[in-house]
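Scroll down for the structure; my scribbles are underneath it.
Atoms considered below: every heavy atom in the structure, side chains included; atoms not considered: hydrogens, waters and symmetry mates. For ligands, and for the atoms within them, numbers begin at 1 and follow the listed sequence. Computed from a predicted model, the values in this text were never measured in an experiment.
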Amino acid sequence: MKDIEFDYSQAVDSCQLESYRALASAAATTLKHGTGAGNDFLGWLNLPLNIRTQLSDIQASAALLHRECEVIVCIGIGGSYLGAKAVNEALLSSFEALDHQGPKIVYAGQNIGEDYIWELQNLLRNKKFGIICISKSGTTTEPALAFRILKAQLEQQQGKASAQRLIVCITDAKRGALRTLANQEGYKTYVIEDNIGGRYSVLSPVGLLPIACAGLDIQALIDGAVRGMELCENEWEDNPALQYAAARNFLYQEQEKKIELLVNFHPKLHFIAEWWKQLYGESEGKEHKGIFPASADLTTDLHSLGQYIQEGERILIETVLSVQSMHHEVIIPYDEQDMDGLNYLSGKHIDEVNKMAELGTQMAHVDGGVPTMRFSIPQLNEYYLGCLLYLFEYACGISGYMLHVNPFNQPGVEAYKKNMFTLLKKPGY
Ligand code: PA5
């Protein structure tokens, strides 16, 4: 089976990278041996192997929700929802809301939008629904608010006993309000281990249960992640995580490239970039350091951000997620009249046009002074996504250590919360 490949040749010359290659290897050793900052948060490193004993239990919970619900509400914010959302969006139909046979997966607790929650309550009225509530701390305001409201609606619509069966909580083993509540109500629970931070939790029950609820193959996702682990053990030549971490740090530290754009030419990858932004933003943005993670969906955003990428400030790096083969075939038809002048494309697949757009964009951006790196993903499926997620996590750990920050804490996230609690007069603030 083909592997995901990484190409940095359009971003940096390999001779220039020599010293960063050594720095990346040293950072990888620190990560592997658990000798760096935040080393009490390395449970994700072996998660693809350790989670295997829990897969059938997770699949059984998903089967129950799948059988009994028209809608499954997945409550969580940040690392507690982005991984599942990213995989589900990448692998379900683009028109899932109209197309999908099984229960619809919807998300809540990732914002404090009053209209959003009203519209969700309205959608759920008179429907059989279940809830997966995910919060490691069990005290985060956004998901706690959504859970309070939707739990009450579920109990009112279906009765307390039925609601008790249709709620699953994923939280700390002992601490937090969600743990106390789940124990008291007798909900099915899964534990987020102490040594796994939110943004590194997609391959734990946090990501796996909502992904299994969508009818996707979590065994294949984990198999792909295990392959990702193997690739991270390779020597430099065959180690995409090491190469990626080294190249992006070289561009940041030696060429003052401050922003990395993760771009895709596949509309289903939008939320993979949202997950990646959270992973890299929360892991590296510290002590007034770090590459700002941004993203663009191409060719869509070539008609909005394209001008800036081509000719704006030369502070950008571009990393392309390139999917090699599509699942479906659409051939461009021949038209007798050719009024739109598109007959030169007739007989081609849509993806042939997309691939030329990708190549043409890469050439233009490199010519315009935007170093461009590229991950080639053979196909969009559970296996390759599992592999990609693990490679990004591992590269993020290495990259954080190369920057001399702790990639596993997020002290800055507290600042807005303190102000909000003071303004809302929360007891103790
Ligand atoms: O990556 C992180 O640690 C954060 O994004 C958390 O996942 C997010 O803040 C949600 O926290 P919790 O799961 O405790 O509700």
Assess whether side chain to side chain contact (heavy atoms under 4.5 Å, CB included) is satisfied between I51 and L208, documenting all intermediate values. CA-CA 10 Å; I51 199 66; L208 297 179; 3.7 Å; yes
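- The pair K258-E284 does not meet the salt-bridge criterion, since no charged nitrogen lies less than 4.0 angstrom from a carboxylate oxygen.
- Not counting sequence neighbours, D40 has no partner by the side chain to side chain donor-acceptor pair (under 3.5 Å) test.
- Looking at residues two or more places apart in sequence or on another chain, you find no side chain to side chain donor-acceptor pair (under 3.5 Å) involving Y394.
- Counting heavy atoms from C-beta outward, Y190 and S204 have side chains that stay 4.5 Å or more apart.
- Residue pairs meeting the salt bridge (Lys or Arg N to Asp or Glu O under 4.0 Å) criterion with at least one partner in residues 176-192, sequence neighbours excluded, are D57-K188, K151-E185, K160-E185.
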Report each N/O pair between ligand 1 and the protein that falls under 3.5 Å, naming both atoms.
| from | atom 1 | to | atom 2 | distance (Å) |
| --- | --- | --- | --- | --- |
| ligand 1 | 1 (O) | R199 | N | 2.9 |
| ligand 1 | 1 (O) | Q278 | NE2 | 3.1 |
| ligand 1 | 1 (O) | E282 | OE1 | 3.0 |
| ligand 1 | 5 (O) | G79 | N | 3.2 |
| ligand 1 | 5 (O) | Q278 | NE2 | 2.5 |
| ligand 1 | 5 (O) | E282 | OE1 | 3.4 |
| ligand 1 | 5 (O) | E282 | OE2 | 3.4 |
| ligand 1 | 7 (O) | G79 | N | 3.1 |
| ligand 1 | 13 (O) | S80 | OG | 2.7 |
| ligand 1 | 13 (O) | K136 | N | 2.7 |
| ligand 1 | 14 (O) | K136 | N | 3.4 |
| ligand 1 | 14 (O) | S137 | N | 2.8 |
| ligand 1 | 14 (O) | S137 | OG | 2.7 |
| ligand 1 | 14 (O) | T140 | OG1 | 3.4 |
| ligand 1 | 15 (O) | S135 | OG | 2.6 |
| ligand 1 | 15 (O) | T140 | OG1 | 2.5 |

